[in-house]
**Student:** 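Could you have a look at this structure, given as structure tokens, before my questions?
Since the structure is predicted, the reported quantities are computational estimates derived from the model, not experimental observations. We number each residue from 1, following the sequence as shown. Values reported hereafter were calculated over all heavy atoms of this structure, with side chains retained and with hydrogens, waters and symmetry mates removed.
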Amino acid sequence: MGIDYTKRPKAQPPQPPAQPPAPTPAYGQQPPAQPVSLSKITLTKSAPSISLSKQGATTGQVRVNLSWTANSSGGGLFRKAKGIDLDLACMWEFTDGSKGIVQALGNSFQAPRQGQPIIYLDGDDRSGKGGENMYIDLSATNQIRRILIFAYIYEGTPNWASANGVVTLSPASGPEIEVRLDEADQSAISCAIALLENRGGELVINREVRYIRGAQDKVDEAYGWGMNWRGARK
């Protein structure tokens, strides 16, 4: 009985079912941009700006937190002082031309609006551990022209280097955005930290970290807010 050497085709493995083609954007439309999947973005001198709109972070509230070291064991100035008290604040301007300030000083804790305020400060912290928190309603982007986030030394010896100030913006969606107060001017009592601007419906955050030798009126002067100032206490 002989052996059959006739070549037979090998059995082919079953093929997976064909996948439906991916949907394509309509004519003239660009494919949607994918948000950056980072847990935190740090704004620096070389990369100072970010668009909240392009990050898909223009819904809900963004929490702005300022934390710092109230007492530094390494700084001689801090040993002599009872501690530094930084205050978080912002100057705001809306598209209807109204403008003002949100800060603990003078009990100006919110930007007025019927119902939920667009901006509000939840309290005054003097320890720096939990920090101070400000909330901005991003659903009101069309009413916002610009918001300048800044901090000032309410009490204590000016020593920005040892204070280790950090501002973190936490949107409802998208990565956190961090601005470190990593420069110093020991003659300054205020620091402009970040500027939020509405650029044709796109909300953009720009790192400032600009130290200003003076209080709120000098911050106003540096950015051309044009408000009238009087003394106040908290």
**Student:** Taking the side chain as C-beta and beyond, is there a heavy-atom pair between Cys90 and Ile119 under 4.5 Å?
**Tutor:**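 Side-chain contact under 4.5 Å: yes.
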**Student:** To the nearest 0.5 Å, how far apart are CZ in Arg180 and OG1 in Thr42?
**Tutor:**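 OG1 of Thr42 is found 7.5 Å from CZ of Arg180.
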**Student:** Output the distance between atom CD1 (Ile101) and atom OG (Ser108), rounded to the nearest 0.5 Å.
**Tutor:**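 Between Ile101 CD1 and Ser108 OG, I get 7.0 Å after rounding to 0.5 Å.
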**Student:** Drop me the distance from Ser170's OG to Gln61's CD, to the nearest 0.5 angstrom.
**Tutor:**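 Rounded to the nearest 0.5 Å, the OG-CD separation comes to 12.0 Å.
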**Student:** May I ask you to decide if Asn206's main-chain N or O and Ser49's side chain share a donor-acceptor pair within less than 3.5 Å?
**Tutor:**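 Flag not set: sc Ser49 to bb Asn206 has no pair under 3.5 Å.
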**Student:** Report yes if some heavy atom in the side chain of Asp87 is under 4.5 Å from a heavy atom in the side chain of Gln103; otherwise report no.
**Tutor:**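 Not touching, per the 4.5 Å side-chain cut-off.
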**Student:** Counting N and O atoms only, with roles assigned by atom type, does the side chain of Asp220 sit under 3.5 Å from a partner on the main chain of Lys218, one being a donor and the other an acceptor?
**Tutor:**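 Side chain of Asp220 to backbone of Lys218: no pair is present.
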**Student:** Going from CG on Leu88 to CD1 on Ile193, what distance comes out if it is rounded to the nearest 0.5 angstrom?
**Tutor:**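 Here the rounded value is 6.5 Å.
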**Student:** Do Asp182 and Arg207 sit within salt-bridge range, that is, some charged N less than 4.0 Å from a carboxylate O?
**Tutor:**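 Yes, this pair counts.
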**Student:** If Ile, Leu, Val, Met, Phe, Trp and Tyr residues are connected whenever their side-chain heavy atoms lie under 4.5 Å apart, and connections chain through other members, are Phe109 and Leu66 in the same group?
**Tutor:**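 Phe109 and Leu66: one cluster.
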**Student:** Can Thr95 and Asn142 be said to form a side-chain contact (heavy atoms from CB on, under 4.5 Å), step by step?
**Tutor:** CA-CA 8 Å; Thr95 53; Asn142 63 334; over 6 Å; no
**Student:** When you check the gap from the basic side-chain N to the acidic O, do Arg210 and Glu208 get nearer than 4.0 Å?
**Tutor:**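 Salt bridge: no.
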**Student:** Between CD of Glu93 and CD1 of Ile144, what distance do you get to the nearest 0.5 Å?
**Tutor:**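 If we round to the nearest 0.5 Å, Glu93:CD and Ile144:CD1 are 12.0 Å apart.
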**Student:** For side chain to side chain donor-acceptor pair (under 3.5 Å), just list the numbers for Tyr154 and Asp85, CA-CA rounded to whole Å, side-chain angles, deciding distance to a tenth of an Å, and then say yes or no.
**Tutor:** CA-CA 6 Å; Tyr154 179 76; Asp85 178 19; over 6 Å; no
**Student:** Please check if the side chain of Ser190 supplies one atom and the backbone of Gly214 the other of a donor-acceptor pair under 3.5 Å.
**Tutor:**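 Yes, because the side chain of Ser190 sits within donor-acceptor range (under 3.5 Å) of the backbone of Gly214.
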**Student:** Any side-chain heavy-atom pair from Leu43 and Ile205 closer than 4.5 angstrom?
**Tutor:**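 A side-chain contact exists here, since the closest heavy-atom pair is under 4.5 Å.
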**Student:** So, do Tyr135 and Tyr120 have ring centers that fall under 6.0 Å from each other?
**Tutor:**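 Between Tyr120 and Tyr135, which both carry aromatic rings, the centre distance is below 6.0 Å.
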**Student:** Should the pair Arg145 and Trp92 be classed as cation-pi, given the thresholds of under 6.0 Å to the six-membered ring centre and 45° from the axis?
**Tutor:**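 No, Arg145 does not lie over the aromatic ring of Trp92.
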**Student:** Are any non-hydrogen side-chain atoms of Phe150 and Val219 less than 4.5 angstrom apart?
**Tutor:**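 They are in side-chain contact.
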**Student:** For the pair Tyr223 (side chain) and Met91 (backbone), establish whether a donor and an acceptor sit closer than 3.5 Å, ignoring hydrogens and angles.
**Tutor:**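 Between the backbone of Met91 and the side chain of Tyr223 there is no qualifying donor-acceptor contact (under 3.5 Å).
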**Student:** Using the side chain to side chain contact (heavy atoms under 4.5 Å, CB included) definition, which of the options Val64, Asn65, Ile136, Ile41 pairs with Leu169?
**Tutor:**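 Answer to the side chain to side chain contact (heavy atoms under 4.5 Å, CB included) test with Leu169 among Val64, Asn65, Ile136, Ile41: Val64.
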**Student:** When rounded to the nearest 0.5 angstrom, what distance separates CD in Glu183 from OH in Tyr211?
**Tutor:**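 Atom-to-atom, Glu183:CD and Tyr211:OH are 6.5 Å apart.
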**Student:** Do Val179 and Val209 have side chains that get closer than 4.5 Å, going by heavy atoms?
**Tutor:**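 Val179 vs Val209: side chains touch.
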**Student:** Is there a side-chain contact between Leu195 and Ile149, using heavy atoms and a 4.5 Å cut-off?
**Tutor:**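 Not in contact.
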**Student:** Measure from the side-chain N and O atoms of Lys40 to the backbone N and O of Pro175, and report whether any donor-acceptor pair falls under 3.5 Å.
**Tutor:**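 No: the side chain of Lys40 does not pair with the backbone of Pro175.
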**Student:** Under 4.5 Å between any side-chain heavy atoms of Ile50 and Gln55, yes or no?
**Tutor:**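 Yes; the side chains approach each other to less than 4.5 Å.
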**Student:** Can any side-chain N or O of Trp160 pair as donor or acceptor with the backbone N or O of Ala188 at less than 3.5 Å?
**Tutor:**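 Yes.
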**Student:** Can you give me the closest heavy-atom contact between Phe94 and Ala111, atom names plus distance?
**Tutor:**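 Nearest pair, atom of Phe94 first, then Ala111: CZ-CB, 4.0 Å.
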**Student:** Donor-acceptor check, side chain of Asn198 to backbone of Thr141, threshold 3.5 angstrom: yes or no?
**Tutor:**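 Such a contact is found between Asn198 side chain and Thr141 backbone.
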**Student:** For Glu202 and Ser51, which I'm curious about, is there any donor-acceptor pair between the side chains at under 3.5 Å?
**Tutor:**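 Distance-only check passes for Glu202 and Ser51.
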**Student:** Leu86 versus Ile153: any side-chain heavy-atom pair under 4.5 Å?
**Tutor:**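 Answer yes - side chains close enough.
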